[in-house]
Amino acid sequence: MTENIQLNSEGKLKHFLSIEGLNKTLLTEVLDIAESFIGMNDQQIKKVPLLRGKTIVNLFFENSTRTRTTFELAAKRLSADVLSMSIATSSTSKGESLLDTIRNLEAMFVDMFVVRHAISGAAHFIAQHTAPHISVINAGDGQHAHPTQAMLDMFTIRQVKQDFSNLRVAIIGDILHSRVARSQIQALNILGAAEVRVIAPKTLLPSHVESLGVNVSHDLTSGLKDIDVIIMLRLQKERMTSALLPSESEYFKCFGLTEAKLKIAKPDAIVMHPGPINRGVEIDSKVADGPQSVILKQVSNGIAIRMAIMAMAMQKQGAAG
Amino acid sequence: MSQIHIKQGQIIDPANNINRIGDVYIADGKVVSVTHEPAGFKPTTVIDATNKIICPGFIDLSTRLREPGQSRKATFKSEAIAAASAGVTTMCLQPDTNPVIDTPAVAELIKELAEKAHYPQIYPIAALTRKLEGTELSSMLSLKQAGCIAVGNAQQSVKNLLILRRAMEYAASHDLLVMFRPNDYWLGNNGCAHEGAVATRYGLPSIPEEAETIALAQCLELVELTGCRMHFGQLSCKRSVIKIYQAKKYGLNVSADVAIHQLHLTENDMIPFDSSYHVLPPFRTEEDKQYLREGLASGTLNSICSDHQPHDIDAKLGAFPETEPGVSALETLLPLMLKLVEQGAISLQQGIAALSENPARVLHLNSGALTLGYAADVCVFDPELTWQVNAENWKSQGINTPFWGQEFKGRVTHTLQAGKIIYSLE
């Protein structure tokens, strides 16, 4: 029933909107291509001419420094012309509609949109209504998906653990509001992880969370047993005021990752976080900066993954003429 | 005056327990015979109903025609044509117009618009609370005197139970029917999809069924407390059906309807982020759909409404949660009811009763039946005629339907309102 608008008629990537609907071969291809870009980081000239002459517009309807920066760098390293626009949602909700914004930019001969928006489904909407030659990359939409973040996390996991099939992965924290978690869960399941476990109080879990293909725990201590990969999620301050949690300190006491709790997981477990970190809220500084943390590795991998995805989406374009 | 002879059709008139092939004779706007040709009957028009069904015109308990205030979405003219082509002869209008139907002037304006659209049987539902804000009572008695058939609060919740209690008491004092869609504002949490696997997968703000069932349970308690006559509209889930069943058994004076699309679609039918599936209450689960169907078959839910909500293109153009909820539903009402019959959920008599006799009873109207002396509101339809939902056939100004492009069986060929042919299929 779901037509996959992400793929063209030959099954190649056209848009990158969500992990759902993509198969293991395609996700592995993304990881492999990213691998080939990773060496570039150490070179004197950090550029390849793959997207020379192409115009990419970063459309950020929601603030984000890091994601926008890595997308910008990725585009520049592929030799594309890149323009980043931050559009306050208030100005679009009143005057110009989302579609008007897109139409105006289309008229300037853009080849790709990278979109971040606070509403679930915004990237799908743009992909459905934009001109057929334009590719859309979802850089995060509402609580729905953040597929490039999930892929850079998969890349980081593969770097350290090589294979997914024996891995038990715990995702801890605000699953309810997290587009990152949804995309990670889908990617881990498609890549064949042995188990995906979510650990959170009920107030931070969506209903029917098991239907995403996860096991559920409300207790960090027992939940971390046998875990190979620990993914901590950022906790937004407003979760206290909206009565989802009593206080930051109680949250840290129950779900904060400390050195003592980390010892419950497997000794070679790695610790990940999509950032930005709330030190002392979801994670102790000693763990975030400790030997098992791969948090900064995630950030550097972000550029290679985004280069890979942009290049793949554009390749389809070249082939189609 | 004109005399109309509808010939040799299958007459289905549940109120009078008629289900046979025969003729209907209409004179001076009224049904004069359904058995034999009255003496001296000289028809000015003869309608051949061979292989067709003749039944009472449909009564829709929840419709929006968008005027006054939102003529970019639809007009009385456009929607009166759509309604006539769908066999609908009486419509109750929800009060969420702009301005809201909370003063007699607006109710009178609507009556005037109805006259101009040559569609007299449009009954406004007055706002239960001023501006639908749930804080002050509307002038219900004056609104009743201005022609409002009931009071209700459209899609808005009444957050404060004390105000709801007083509104119900006041309505009961003037023997006004309260038509209400139960929805707890806080539990509803500004959601746009059913709280379940699909909303979770797509990260959509969700509405648990408890938003409906808890509000319904509170209302049922208040019905007992206030003695108010209450009709619950557009119920969407299993436990609401159970609650209505129990309340009726207990002896409360309540009735309930379901919107036609809720009997056909579930969360799993939604095409991801397709705004034509954005409705309130949201499409729920297969189990809920089955219970709604059974509720209809058992009479716990006595009526089907269209909950017609035509929209302009822009209202549905955006990311799913930001689009406006609602389906343009008048024209798919009959074929979707017939589909229920075809699927064995209800009998044809039950389906027709849920669209005519039963809503007439809810509203205390002398219609919804082919009773002698009643105004001749009649629908003639061909149950085998197939047609496609497309621009050529569609009459409503709002094309917001999840059924666009689909082929349906069953089409209205003639609609008569008070003995006047207001629609005939070319």
Side-chain angles (χ1 to χ4, degrees), chain A residues 1-6 17-21 61 89 92-93 97-103 115 117-129 138 140-146 175-183 185-186 189 198 205-214 242-244, chain B residues 72 186-211 213 237 264-278 282-288 311-325 402-403 405-406:
Chain A
M1 162 122 232
T2 314
E3 91 183 282
N4 198 337
I5 62 165
Q6 302 195 88
L17 307 174
S18 73
I19 301 289
E20 190 189 10
F61 295 91
T89 31
T92 49
S93 63
S97 79
L98 185 53
L99 206 54
D100 289 332
T101 309
I102 298 299
R103 293 258 187 275
V115 183
H117 200 284
I119 305 290
S120 302
H124 268 83
F125 173 72
I126 291 171
Q128 274 165 337
H129 290 90
N138 185 2
D141 64 324
Q143 298 166 13
H144 170 232
H146 194 349
I175 314 285
L176 176 63
H177 300 92
S178 177
R179 54 193 173 211
V180 176
R182 282 176 176 79
S183 289
I185 291 166
Q186 286 169 342
N189 282 326
V198 294
L205 288 170
S207 79
H208 296 69
V209 66
E210 308 81 7
S211 67
L212 297 173
V214 296
S242 51
L244 288 158
Chain B
R72 69 177 188 283
W186 301 106
L187 286 172
N189 201 18
N190 292 316
C192 64
H194 169 66
E195 186 168 299
V198 174
T200 290
R201 192 175 338 138
Y202 295 108
L204 296 173
S206 62
I207 307 168
E209 44 189 78
E210 288 75 9
T213 56
C237 60
H264 289 278
L265 296 175
T266 70
E267 56 170 356
N268 293 319
D269 296 312
M270 293 170 66
I271 295 170
F273 303 117
D274 182 340
S275 63
S276 63
Y277 292 85
H278 186 186
F283 293 122
R284 299 198 185 273
T285 66
E286 186 61 33
E287 191 187 18
D288 290 312
H311 280 296
D312 54 318
I313 303 245
D314 287 339
K316 287 286 188 183
L317 206 52
F320 189 93
E322 289 193 315
T323 56
E324 291 183 48
F403 304 106
Q406 285 191 28

N/O donor-acceptor pair under 3.5 Å between B:Thr200 side chain and A:Val209 backbone: no

Between A:Glu210 and chain B, which part of the residue has a heavy atom less than 4.5 Å away: side chain, backbone, both or neither? neither

Examine whether an atom of A:His177 lies under 4.5 Å from a heavy atom of chain B, and if so say whether it belongs to the side chain, the backbone or both; otherwise answer neither. neither

Report the residue from A:His144, A:His124, A:Gln143 that forms a side chain to side chain contact (heavy atoms under 4.5 Å, CB included) with B:Tyr202. A:His144

CD1 (A:Ile5) and CZ (B:Phe273) are apart, to the nearest 0.5 Å, by 9.5 Å

Quick one: which of B:Pro321, B:Cys192, B:Gly318 has the most heavy-atom pairs under 4.5 Å with chain A, could you say? B:Gly318

Between A:Ser120 and chain B, which part of the residue has a heavy atom less than 4.5 Å away: side chain, backbone, both or neither? both

Which bit of A:Arg182 comes within less than 4.5 Å of chain B, counting heavy atoms only: side chain, backbone, both or neither? side chain

Taking all non-hydrogen atoms of both residues, which atom of B:Gly196 and which atom of A:His208 are closest, and how far apart? CA-ND1, 3.5 Å

